[in-house]
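Side-chain atoms are counted along with the backbone in the values below, which use heavy atoms only and exclude waters and symmetry mates.
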Amino acid sequence: MAFEYPQDLKYLDSHEYVRLEGETATIGISEFAVDQLGDIVFLELPEVGETIVKGEGFGTIESVKAVESLYAPLSGKVVAQNSDLIDAPEELTEDPYGKAWLIKVQVEDLKELEGALSAEAYQALVEGH
């Protein structure tokens, strides 16, 4: 399967992505990560108003194969949570870069993204090129 790596995103080596729109960051997990997890059965996300801290866990994702922590690519206050995914986590497999985003965060410091990977660098990392 060929995975998509949208050019407008920044990626972490732990497979989270960030889409910046002004001061708001949409955070999700990559198509590669969704594929590796397999059947996703449970998702735990922070509530609106909570603060996440770069490098720290902000939730968990559980599949029939594994339980994985979700890591914050930057710090900020949660302004939206994709509650549809809490009820139907399997929808992550359908559109991880579109309607299956996880949370939206009010960004504290855009410089925190300076170490994030480009689409090309992330693709090279996961495909071993």
Worksheet item: Quick one: are Tyr11 and Pro6 in side-chain contact, heavy atoms under 4.5 Å?
Response: yes
Discussion item. Are the side chains of Val41 and Val64 in contact, using a 4.5 Å heavy-atom criterion?
Written reply: yes
Practice prompt. Could you check if a side-chain atom of Leu45 sits within less than 4.5 angstrom of a side-chain atom of Ile86, using non-hydrogen atoms only?
Written response: yes
Worksheet item: Any luck finding a side-chain donor-acceptor pair between Tyr5 and Glu127 under 3.5 Å?
Response: yes
Discussion item. Counting C-beta onward and ignoring hydrogens, is there a side-chain heavy-atom pair between Leu43 and Asn82 closer than 4.5 Å?
Written reply: no
Worksheet item: In the single-linkage hydrophobic clustering (I, L, V, M, F, W, Y; side-chain heavy atoms under 4.5 Å), do Leu92 and Ile27 co-cluster?
Response: yes
Worksheet item: Within 45 degrees of the axis of the six-membered ring of Trp101 and under 6.0 Å from its centre: does Lys99 put its NZ or CZ there?
Response: no
Worksheet item: Should we say atom CG of Asp39 is surrounded by more than 12 heavy atoms from elsewhere, each under 6.0 Å from it?
Response: no
Worksheet item: Does anything in residues 2-12 pair up under salt bridge (Lys or Arg N to Asp or Glu O under 4.0 Å), and if so which pairs, sequence neighbours excluded?
Response: Asp8-Arg19
Discussion item. Tell me whether the count of non-hydrogen atoms from other residues, nucleotides or ligands lying under 6.0 Å of NZ in Lys54 goes above 12.
Written reply: yes
Item to complete: Using the rule that two of Ile, Leu, Val, Met, Phe, Trp, Tyr join whenever any of their side-chain heavy atoms come within less than 4.5 Å, decide whether Phe58 and Leu37 are in one cluster.
Response: yes
Worksheet item: Taking atom types as modelled, is there a side-chain donor on Glu68 or Thr60 under 3.5 Å from an acceptor on the other?
Response: no
Worksheet item: Hey, are the side chains of Thr26 and Leu20 touching, using non-hydrogen atoms and a 4.5 Å cut-off?
Response: no
Fill in: His15 and Tyr71 side chains, donor-acceptor separation under 3.5 Å
no
Fill in: Check: Gln81/Ser83 side-chain N/O donor and acceptor closer than 3.5 Å
no
Worksheet item: Are any non-hydrogen side-chain atoms of Ile103 and Ile52 less than 4.5 angstrom apart?
Response: yes
